[in-house]
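For reference, the structure is listed below as structure tokens.
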Amino acid sequence: SQVKRGVSPLSLFKQGKLIIFGVLLAIVCFAVGFFSGGREEKPPVLSSITVENQLQQITLATIRYSYTNMGQFENSNEFYGIKLPFTTKSFIVAYDGTITAGVDLTQAKVTVTDQKVTIALPAPQILSHEVDPNSLGFDETTSIFNPITIEDYTGFQADQQGVMEEKAIQGGLLTQQDQAEAAIGGLITPLLQEGQTLEITVADGE
């Protein structure tokens, strides 16, 4: 005859611990999978704020217009439309200058839909106009009755800068903005969602 052996309490205890450990491990694995890998991560939704923030990171390549200018100023005291003798003052100024134009991206208008991202850029404008002080050449003729003043020089310089800016604009300074569209397209295009297109418009300058 066969003798049946009973299961010892120690063995039952060990089996119980293994079962409990297995249950706990399953719960932990389920929790980790649920909070980390269980959910499919979705790419961030592109918004107008996201696009605007990206635009602020662009150091936009601007258009530079360099020139050399020479202008002449002349003034005389008059009496009933007649120039008074010995009152004529004049000067000639020659200098180099640089005009910089570009697009102010802080004024861009951004619209985002599921199908399209539209970026409306303001018209390009003159951002700066600098004269090289080391290039200045000055020749003057003055009169004790009508001396040259600092106002004569500053007023004449402002007028001449306006003339040069207008000349640069007529030469197409504010129409050569392909760099702006290329820089923005290169930054925003990789962020587009599937099915979205990018449209960039630039307002016409005055």
Side-chain angles (χ1 to χ4, degrees), residues 48-49 51-78 81-84 87-111 117-143 145-189 198-206:
S48 58
I49 296 178
V51 176
E52 290 170 358
N53 290 338
Q54 291 294 323
L55 292 179
Q56 304 309 312
Q57 300 179 21
I58 298 179
T59 302
L60 190 61
T62 53
I63 304 298
R64 297 171 64 87
Y65 175 85
S66 299
Y67 67 88
T68 297
N69 183 43
M70 182 175 68
Q72 180 175 359
F73 169 87
E74 182 175 306
N75 175 265
S76 300
N77 290 338
E78 295 184 357
I82 301 175
K83 293 183 178 180
L84 298 178
T87 63
T88 299
K89 59 181 177 180
S90 64
F91 58 79
I92 297 174
V93 179
Y95 58 89
D96 298 331
T98 301
I99 302 172
T100 302
V103 176
D104 184 2
L105 294 180
T106 63
Q107 302 301 316
K109 305 297 184 183
V110 178
T111 304
V117 175
T118 304
I119 302 176
L121 301 176
Q125 59 184 317
I126 291 177
L127 303 177
S128 66
H129 189 169
E130 300 178 355
V131 172
D132 182 3
N134 296 322
S135 68
L136 283 170
F138 194 81
D139 184 23
E140 66 177 36
T141 300
T142 189
S143 168
F145 302 107
N146 188 21
I148 295 175
T149 65
I150 188 64
E151 288 78 13
D152 292 331
Y153 174 71
T154 55
F156 178 74
Q157 184 182 31
D159 291 341
Q160 287 296 298
Q161 287 184 336
V163 170
M164 296 309 300
E165 289 177 4
E166 184 61 30
K167 182 178 179 180
I169 292 173
Q170 293 298 323
L173 178 66
L174 301 184
T175 62
Q176 303 176 22
Q177 293 302 323
D178 293 341
Q179 294 92 334
E181 297 184 41
I184 294 172
L187 183 66
I188 302 301
T189 298
L198 174 64
E199 179 180 358
I200 302 173
T201 62
V202 183
D204 294 331
E206 296 181 356

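- Residue Gln125 places its CD atom among more than 12 non-hydrogen atoms of other residues, nucleotides or ligands, all under 6.0 Å distant.
- Here the closest heavy-atom approach between residue Leu198 and residue Gly185 is recorded as CD2-CA, 3.8 Å.
- Side chains of Ser48 and Thr111 form no contact here, defined as non-hydrogen atoms less than 4.5 Å apart.
- For Val202 against Pro122, the heavy-atom pair with the smallest separation is CG1-O, 3.9 Å.
- We find the OG-CG distance between Ser90 and Asn146 to be 10.5 Å, quoted to the nearest 0.5 Å.
- Note that NZ of Lys167 and CG of Leu173 are 13.0 Å apart. Values are rounded to the nearest 0.5 Å.
- Side chain of Lys89 to main chain of Asn75: no donor-acceptor pair is present (N/O by atom type, distance under 3.5 Å, no hydrogens or angles).
- Note that the CD atom of Glu74 and the CG atom of Asp152 stand 12.0 Å from one another [nearest 0.5 Å].
- What you find for Ser66 and Thr98 is that their closest heavy atoms are OG-OG1, 3.7 Å.
- A heavy-atom distance below 4.5 Å is not found between the side chains of Phe73 and Asp159.
- Put simply, CD1 on Ile119 and CD on Glu199 are 10.0 Å apart, with the number rounded to the nearest 0.5 Å.
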Q: Check the pair Gln161, Glu165 against side chain to side chain donor-acceptor pair (under 3.5 Å), reporting the backbone distance first and the verdict last.
A: CA-CA 6 Å; Gln161 287 184 336; Glu165 289 177 4; over 6 Å; no
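- With 3.5 Å as the limit, one finds a donor-acceptor pair spanning the side chains of Asn69 and Tyr95.
- Summarising the geometry, atom CD1 belonging to Ile148 is positioned 4.5 Å from atom OG1 belonging to Thr142; distances are rounded to the nearest 0.5 Å.
- Side-chain contact between Ile99 and Ile126: present, with at least one pair of heavy atoms (C-beta onward) separated by less than 4.5 Å.
- Within 6.0 Å of atom CZ in Phe145, 12 or fewer heavy atoms from other residues, nucleotides or ligands are found, so the atom counts as exposed in its surroundings.
- The shortest side-chain heavy-atom distance between Gln160 and Val93 does not fall under the 4.5 Å cut-off.
- Considering every non-hydrogen atom in both Glu151 and Thr154, the closest pair reads O-OG1, 3.3 Å.
- Taking the side chain as every heavy atom from C-beta outward, Ile184 and Leu121 approach each other to under 4.5 Å.
- If you take CG on Asp132 and CG on Asp96, they are separated by 6.0 Å, rounding to the nearest 0.5 Å.
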